[in-house]
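Please read these numbers as outputs of a predicted model, since none were measured by experiment.
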Amino acid sequence: MDIGKKIYLCNYNVLRKVYIFIYILLVMQRAWGPFKAITPFKLDALIFLGITTLGVVLIFYDLFSDKILFKTQNVSWLCIFLISVFISSILNINYGIMSNINSMILLSIEFFIFYAVDFNRSKIDVYKEIYQIEHFIMIIWFLSMLVTLWMFLEQSYYYIDLPENQFVRMGIVENRLFGIYNDPNYASITSLIMIVFSVKNFKKDTNRFLKIFYTVNIFFMFIYIILSGSRTAEVALGITVLVGAFFIFRCSFKNMSKVKKILLSILCSVLSLVCIFIVYFLLKKGIAYLPSLFAGNDAGNTIRPVSFSRSDVEENSDISNLRFKIWGSALEVFRSKPIFGVSVKHIVAYARDNFPEGIIAVRGYTGHSFYVNVIACTGIVGSILIFGFIIKSIITTLKAIFTVTDKEQYFDILFSCLPLIILLCSGFFLNEIIFVNTLGSIIFWIYLGYTMYFVNGEKPYTETSIPYRIADKLTSKIKSVFHKNK
């Protein structure tokens with residue numbers, strides 16, 4: 001590799017990392033109620049216009065240089081998916097185009113910056129980047145969690161009205177701990193990911209102070225998952241424990257047949273799940289008394305537990321809390337436009353025109369599920385492409401983790417996968433992964449990129465994808481025209 005190329009790669013990777021840090025910080029503050037309350041909508045839109053513009057500039061910088069964006073696993077699927085989203089937008093242009101263009105730019109940033117990890121980077125450099133990103137997120141989230149848990153102890157709550165019939169809920173609302181977060185479902189999923197980060201770094205780090213931090217962080221995040229009342233987080237927690245424990249035990253058992261190793265790993269993972277949920281429900285009973293203990297009994301108050309019962313669940317005959325109705329309404333929309341869907345941002349407008357009695361039209365909901373949203377908004381074509389990409393990535397990862405012999409690489413793949421498992425599980429019940437600007441979607445694409453890097457095993461990149469070859473010809477022609485005119 002020549003010196004000029006080395007300088008470019010160094011500069012690009014530094015710019016990419018700085019961009020990721022800025023983007024994460026902006027998305028995190030957007031998820032906090034106090035910031036949402038004090039930030040005018042126009043200012044927020046202007047800030048994200050600026051950060052997305054920088055993202056587009058960074059993509060073009062890479063496009064006219066080393067084209068790392070087209071050197072990632074299965075990138076052709078993502079490029080064709082973007083084309084299908086564009087076609088869907090054109091077919092539904094009567095509902096508007098700008099919001100769909102914004103969504104396509106967001107998808108491009110996720111696919112071509114967050115996901116695009118340079119396979120030619122050294123493992124030490126990638127380790128350093130992962131460590132910095134994880135600690136950056138963990139520290140900020142930990143500080144926000146301190147404020148949130150304090151609100152639980154005080155049993156305080158706030159409602160703040162915002163323009164355009166919006167509002168912010170903070171503190172304890174309907175026996176759920178919102179804290180300073182806009183949505184406890186998303187906050188609890190992020191907290192579960194913070195537990196994964198802490199467990200991984202506890203295993204790797206030798207610094208005693210940091211080990212204490214990881215331990216406290218795990219405890220606080222686990223407490224928040226309980227207090228959030230999120231059933232989505234409970235499902236994701238259960239599946240993550242099962243998968244994580246299975247692969248950890250599988251690596252621990254040696255000198256036995258493959259069948260016996262798998263059966264023992266399954267048994268131990270199920271026992272781990274049982275133990276985790278025993279602790280979960282015991283802690284839930286115990287922490288219910290904390291606000292009362294914190295308030296004290298100086299005024300003759302008796303020590304009694306707070307209630308965690310959710311009226312929207314316990315007083316509702318619909319166990320899904322309207323999700324089944326929302327999904328049914330979204331699938332009704334899909335059946336009316338099955339090939340390319342109704343476009344990313346126009347499911348509500350389309351439903352109001354064509355299915356005014358449906359819950360999406362009446363309540364203004366989107367699909368309330370990553371999977372349902374993709375099906376309704378992008379149709380059969382988009383669904384085959386994005387789900388095909390995910391399934392292909394899962395197969396590639398499973399092949400690697402079941403065949404890799406290096407223990408370090410094994411755990412690198414495993415701990416890069418666990419945040420993805422959490423988000424793919426939560427995606428059944430939440431709008432995640434694509435078409436949304438959340439911390440979860442950022443983490444998904446960054447960690448999918450790291451997973452593919454570790455699966456590749458630090459081998460030099462040799463394959464040239466079709467998008468790479470097309471981009472290389474186009475950029476070469478543009479450069480030659482520019483040099484001639486110059």
Side-chain angles (χ1 to χ4, degrees), residues 25 27-39 137-162 166-195 197-198 212-234 236-237 277 279-315 321 430 438-440:
L25 183 62
V27 169
M28 286 178 81
Q29 62 86 22
R30 212 183 208 186
W32 298 333
F35 281 93
K36 186 176 180 180
I38 64 173
T39 307
I137 299 172
M138 277 195 292
I139 290 167
I140 295 173
W141 200 260
F142 179 80
L143 293 173
S144 69
M145 188 58 67
L146 290 178
V147 179
T148 293
L149 293 177
W150 183 264
M151 295 174 89
F152 167 70
L153 292 175
E154 287 195 323
Q155 289 289 287
S156 56
Y157 60 91
Y158 307 93
Y159 285 88
I160 301 174
D161 289 321
L162 299 176
Q166 294 189 30
F167 59 90
V168 170
R169 297 176 289 183
M170 290 185 286
I172 294 287
V173 181
E174 297 171 356
N175 295 331
R176 302 181 69 185
L177 181 58
F178 280 66
I180 66 167
Y181 308 118
N182 293 327
D183 190 320
N185 290 314
Y186 288 95
S188 58
I189 291 298
T190 302
S191 298
L192 183 53
I193 294 170
M194 296 306 105
I195 291 175
F197 288 172
S198 297
I212 293 169
F213 167 71
Y214 301 140
T215 305
V216 174
N217 197 39
I218 290 167
F219 180 71
F220 281 1
M221 299 302 145
F222 195 73
I223 291 295
Y224 180 75
I225 291 169
I226 296 169
L227 297 175
S228 69
S230 173
R231 295 178 297 170
T232 299
E234 290 176 353
L237 171 64
F277 275 99
V279 173
Y280 183 95
F281 289 111
L282 287 175
L283 273 174
K284 190 172 184 177
K285 284 190 173 294
I287 59 179
Y289 290 91
L290 285 179
S292 187
L293 288 168
F294 181 75
N297 57 0
D298 297 336
N301 297 324
T302 56
I303 305 299
R304 60 182 183 274
V306 296
S307 173
F308 292 134
S309 63
R310 290 176 53 183
S311 59
D312 62 329
V313 173
E314 295 187 8
E315 297 174 12
N321 200 12
L430 301 175
T438 63
L439 183 59

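Annotation: the span from Ile287 atom CD1 to Leu227 atom CG amounts to 4.0 Å, rounded to 0.5 Å. A distance of 8.0 Å separates CD1 in Ile195 from CG in Asn217, rounded to the nearest 0.5 Å. Between the CD1 atom in Ile226 and the CG atom in Leu237 there is a gap of 9.0 Å [rounded to 0.5 Å]. Between atom CD1 of residue Ile180 and atom OG1 of residue Thr148 there is a gap of 4.5 Å, rounded to the nearest 0.5 Å. In this structure, Leu439 CG and Tyr186 OH are separated by 12.0 Å, a value rounded to the nearest 0.5 Å. A distance of 5.0 Å separates CD1 in Ile218 from OG in Ser198, rounded to the nearest 0.5 Å.
Taking all atoms of both residues into account, the shortest heavy-atom contact from Asn175 to Ser309 is ND2-O, 2.7 Å. Across every non-hydrogen atom of Ala236 and Ile189, the tightest pair is CB-CD1, 3.9 Å. Considering all non-hydrogen atoms of both residues, Tyr289 and Arg304 come closest at CD2-C, 3.9 Å. Closest heavy-atom contact between Met170 and Val173: O-CG2, 3.8 Å.
Aromatic rings of Phe277 and Tyr280 (six-membered ring for Trp) have centroids within the 6.0 Å cut-off, being under it.
Looking at Gln155 and Phe294, their side chains never come closer than 4.5 Å, going by heavy atoms from C-beta outward. Side-chain contact check for Arg30 versus Thr39: every heavy-atom pair is 4.5 Å or farther apart. Residues Arg169 and Glu174 form a side-chain contact, since some pair of their non-hydrogen atoms from C-beta on lies under 4.5 Å apart. Proximity of Thr190 to Met28: side-chain heavy atoms (C-beta onward) are nowhere separated by under 4.5 Å. Using a 4.5 Å heavy-atom cutoff, the side chains of Met138 and Tyr214 are in contact. Under the 4.5 Å side-chain criterion, counting only non-hydrogen atoms from C-beta, Leu149 is in contact with Leu177. For the pair Arg176/Ser230, a side-chain contact is recorded, criterion being any heavy-atom separation below 4.5 Å from C-beta on.
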Would you check, one step at a time, whether the test side chain to side chain contact (heavy atoms under 4.5 Å, CB included) holds for Tyr158 with Met151? CA-CA 10 Å; Tyr158 307 93; Met151 295 174 89; 3.6 Å; yes
Please test Ile160 against Lys36 for side chain to side chain contact (heavy atoms under 4.5 Å, CB included), starting from the C-alpha separation and ending with a verdict. CA-CA 10 Å; Ile160 301 174; Lys36 186 176 180 180; over 6 Å; no
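Among Phe152, Trp141, Tyr181, the one residue that satisfies the ring-ring contact (aromatic ring centres under 6.0 Å, His included) test with Tyr224 is Tyr181.
Heavy-atom contacts from other residues, nucleotides or ligands closer than 6.0 Å to NZ of Lys284 number more than 12.
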